[in-house]
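Here is the naming used below: chain letters follow the sequence lines, and residue numbers restart at 1 for every chain.
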Amino acid sequence: MAIHPPEQTIWWNERIERGELVWIGVAFLWGVIMFSMMVYWHIDGKQNLSNEAYRIDPGVFEQRTEEFTKKFTVREDKNTGYPVAKPPAGGDVYMLARLWEWWPMLELEKGQTYRLHLSSLDWQHGFSLQPTNINLQVHPGIMHVVTLTPTETGSFGVVCNEFCGLGHHQMVGRIYVVEAGKSQ
Amino acid sequence: MSVATAETGIIGGIAAKFRTCPATGLKIDLAAEKLIKANAVAAVVFLLIGGLFGLLVALTRWPAVHLLPSDWFYLVLTAHGLDVLLLWILFFEIAVLYFASAVLLSCRLATPRLAWLAFLLMIVGGLMTNVAVLQGESSVMFTSYVPMKAEPHFYLGLILFAVGALVGVMVFFGTLVIARDERTYEGSVPLVTFGAITAAIIAVFTIASGAIILIPTFLWSVGYISHIDTVMYKLIWWGMGHSSQQVNVAAHVAVWYAIIAITVGAKPLSEKVSRTAFFLYILFLQLASAHHLLVEPGLSAEWRIFNTSYALYLAVLGSLIHGMTVPGAIEAAQRKNGFNNGIFEWLRKAPWNNPAFAGMFLSLVMFGFLGGISGVVLGTEQINLILHNTIYVPGHFHATVVAGTTLAFMAITYLLLPLIFQRQVIWPKLAMIQPYLFGIGVAGISLFMMGAGTLGVSRRHWDITFSDATVTFDYPATAFLMMGLNGIFAIVASLGGILYILITVGTVFFGKKVDASNVVASLGPMPEKQVSGAVHEYGSAGTWHLPGTYILVSVFFLSFVLYYFVNWKYLSEVWPLS
């Protein structure tokens, strides 16, 4: 039994039954397939995480985001008063995370590709774009540049899903997606 | 047996007192026995505290109940993780290590005084961190990601606890050396001890990682270090945080093998295969830190793919092997016990009314189907994009750590009570249903959290209605339903947990004394042949034919493949990103 020393002192020479060998083979192959899926998705899949990231001083990132917002704000959000920035299609987009908000709101066009720059000014935050369900970790001092292509129109929430203190659950941002050439 | 009949052995000039276990014939060092009891009792106390915190968490996340205010919720959630994930499990694991070395090898425990020091350090450290959390200035979650800062004694307590655990692991290794030196066993160590060695080796890596990150973080919290890199912190912290879960896996698989050996007389199908599977854990599990860095900025895809898959899913291979050899060993033993009709008589007539066996089998099934499959899916580089930090994550690890590890530890308690505490389990009828109650509760918790997570619900979040937020978002109604069901099943699991604690504590204080005349009966219902064959004899699995196991494993494998590709399908539907 398993609570006693092996019956055969030379247990490593015992024959392995065929059934066991077959299962080990199947399990190993399944591992190879799962490994290959991740590689394959980088070649042919459309959802991969960007490697592009830079060390950045939080103050510098804040300044860049403010410049971006100043330049592209098209309106104030109706109920909340947040600035809504609508950058040109294909351009650079900034959104900052801080205790406890995502700033500014964005308006993007469906089918266009944007370079989204994300960073935090204080603690770690979680960028959880809902309901499409994309989740990214946001660090202070590191700017993550993610290329994103909205495929549906509507109003999307950016829920913070990394615990960031007492106001964590109040930290929600918004991204509007509209048809190309139109506005909200 | 009582101390009166203990014999004193003087080996190498060191005296140790032993008693002989009437069920197994093993010589049990009385010093080891006391330490096993102390660690197990501490474990159960922290399970009670941490479990109740968990219930409060679930009741707050049930939108219709929403029990606690936000500051208390985050405080209690921090304490819940600390008390059950760290304290309950590690105290119990130290008990398992002493059991798998001193008891199973009939050896005296190395340096019992140091082992008591280890125990004391763990208690002081555990209490210190608990106090820090309850004081309210350290609600940083179990993970305490920098630059969020806790009070210095939060980190100091963790460090003391880890040092204590490390000393305990060293006592275990010392005991192995003594056993070999004093030739207390023949040939190789038993498979269960081999599994415990696996757990202990990974534990050393784990605790070292913890020290490397927690000591600087402590110094940072008191102001001696100005900056801790946030990504580096996660990399090394999870070298502790995730690898310690692999300690649990190795330990609870070892516990599975121990339980099936004692309750149905199961023998490993192949020592070579089972030991190799454990060895794969040692070689590859430590790469798991990467599971927590799949959506962080600045890490290369190559690094992520290699590490998140444990090289080539080689540690998963270890678990897949145990997933076949454990039920296979049960089938082989049960067929030898006379249940040889058809494909599933062996399973139908397994001792389902023995809580040790029932708990072990539920642990096996749920760890595989719920915890294992979801873990691989969650740890797939790109699929992590749709699951990271959603409540799917706690759904997954409640299936592994609660349904897997905790339930396995509860199950073996029903054997340790008569064998080590020498008390008959009180309320055998209630004990019989306890694993089912707890198991059903945990299965519900895991499934509904995973369901809500698939719908995007955030983990560690006080209010998914965003009632006091400036900007809001509406989660789908199904998500609310799932969080409600999670709350209901958390109540069921809590009832199972409370029952476990009542039975355990009641047995320790009021259980009937166990002696040679009733020890076998005290281990709970078992197959007749197994009982008549006595626990200490073992047969050979020999050449076997295991149609039932093949079918079970095939069902598992198909579920795995199907669920894996369903999640790729989900991923392919979200916005393209690169």
Side-chain angles (χ1 to χ4, degrees), chain A residues 1-7 9 11-12 14 16-17 19-20 23-24 27-28 31-32 34-35 38-39 41-42 45-51 53 80 123-124 126 128 130-137 139-140 142 144 146-151 157 159 161-163 165-166 169-170 172-174, chain B residues 71 104 141 145 147-148 185-188 190-192 230-231 257-258 261 267-273 295-298 300-301 305 309 312-313 316-317 320-321 324 380-382 385-386 388-389 456 458 460-463 466 468-473 538 540 546 553 571 574-578:
Chain A
M1 290 198 304
I3 58 170
H4 295 286
E7 219 171 330
T9 325
W11 48 266
W12 52 90
E14 281 177 311
I16 303 173
E17 290 278 334
E20 222 169 351
W23 173 239
I24 294 170
F28 177 76
V32 173
M34 291 194 295
F35 184 90
M38 294 192 283
V39 178
W41 204 260
H42 276 280
K46 291 202 171 68
Q47 292 80 12
N48 286 292
L49 185 71
S50 151
N51 275 344
T80 62
W123 293 347
Q124 291 185 42
S128 179
Q130 297 296 339
T132 181
N133 205 4
I134 292 172
N135 304 279
L136 304 168
Q137 189 82 11
H139 286 256
I142 302 174
H144 199 178
V146 179
T147 306
L148 197 65
T149 313
T151 52
V159 178
N161 72 0
E162 182 57 73
F163 173 69
L166 285 181
H169 47 274
Q170 299 163 352
V172 185
R174 190 168 294 159
Chain B
D71 51 345
L104 289 187
M141 298 294 130
Y145 288 153
M148 191 187 294
Y185 64 98
E186 304 268 331
S188 305
L191 179 61
V192 172
T230 55
V231 180
Y257 280 113
K267 176 185 185 298
L269 295 177
S270 154
E271 293 278 356
K272 182 160 48 176
V273 169
V295 296
E296 312 293 306
S300 74
I305 292 178
S309 69
L312 204 64
Y313 288 100
V316 174
L317 179 63
L320 288 173
I321 291 173
M324 186 252 168
T380 302
E381 192 214 354
Q382 294 93 340
L385 281 165
I386 57 172
H388 173 77
N389 268 359
S458 167
R460 296 174 166 175
H461 201 282
W462 177 64
D463 180 18
F466 306 104
D468 59 351
T470 319
V471 185
T472 62
F473 167 75
Y538 53 93
S540 165
L546 308 170
V553 168
L571 176 71
V574 310
W575 299 1
L577 70 164
S578 60

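Across B:Leu320, B:Leu104, B:Val231, the residue that shares the most heavy-atom pairs under 4.5 angstrom with chain A is B:Leu320. With respect to chain A, the highest number of heavy-atom pairs below 4.5 Å among B:Asp468, B:Ile321, B:Thr470 belongs to B:Asp468. Between chain A and the residues B:Met148, B:His388, B:Glu186, the largest count of heavy-atom pairs under 4.5 Å involves B:Met148. Interface check for chain A: of the options B:Leu312, B:Leu191, B:Leu385, the most heavy-atom pairs under 4.5 Å are formed by B:Leu385. Among A:His139, A:His144, A:His42, the residue with the largest count of heavy-atom pairs under 4.5 Å with chain B is A:His139. Options A:Val39, A:Thr9, A:Val32, A:Leu148 differ in how many heavy-atom pairs under 4.5 Å they form with chain B, and the most are formed by A:Leu148. Counting heavy-atom pairs under 4.5 Å between each of A:Thr151, A:Ile142, A:Leu166, A:Leu49 and chain B puts A:Leu49 at the top. Considering only heavy-atom pairs separated by less than 4.5 Å from chain A, the leading option among B:Asp71, B:Asp463, B:Val192, B:Val316 is B:Val192. For the set A:Lys46, A:Glu14, A:Met38, A:Gln170, the count of heavy-atom pairs under 4.5 angstrom toward chain B peaks at A:Met38.
Going from atom CD of A:Glu162 over to atom CD of A:Gln137 covers 4.5 Å, rounded to the nearest 0.5 Å. Rounded to the nearest 0.5 Å, atoms OG (B:Ser270) and NZ (B:Lys272) are 6.5 Å apart. Once rounded to the nearest 0.5 Å, the distance linking OG of B:Ser458 with CZ of B:Phe473 reads 11.5 Å. Rounded to the nearest 0.5 Å, atoms OG (B:Ser578) and CG (A:Asn48) are 7.5 Å apart.
With a threshold of 4.5 angstrom between heavy atoms, B:Leu317 approaches chain A through side-chain atoms but not through N, CA, C or O. Using a 4.5 Å cut-off between heavy atoms, A:Trp123 contacts chain B through both its backbone and its side chain. Interface remark: B:Glu296 contributes backbone and side-chain atoms alike to the contact with chain A (heavy atom separation under 4.5 Å). For chain B, the nearby parts of A:Val146 are the backbone and the side chain; heavy atoms of each come within less than 4.5 Å. Within the 4.5 angstrom heavy-atom criterion, atoms from both the backbone and the side chain of A:Ile134 approach chain B.
A donor-acceptor contact shorter than 3.5 Å links the side chain of A:Trp41 to the backbone of A:Gln47. No donor-acceptor pair closer than 3.5 Å links the side chain of A:Asn135 to the backbone N or O of B:Gly456. In this structure, the side chain of A:Asn133 engages the main chain of B:Ile386 through a donor-acceptor pair within 3.5 Å.
Closest non-hydrogen pair, B:Ser300 versus A:Asn51, comes out as CA-OD1, 3.6 Å.
Here the two rings, on B:His461 and B:Phe466, have centers that are under 6.0 Å apart.
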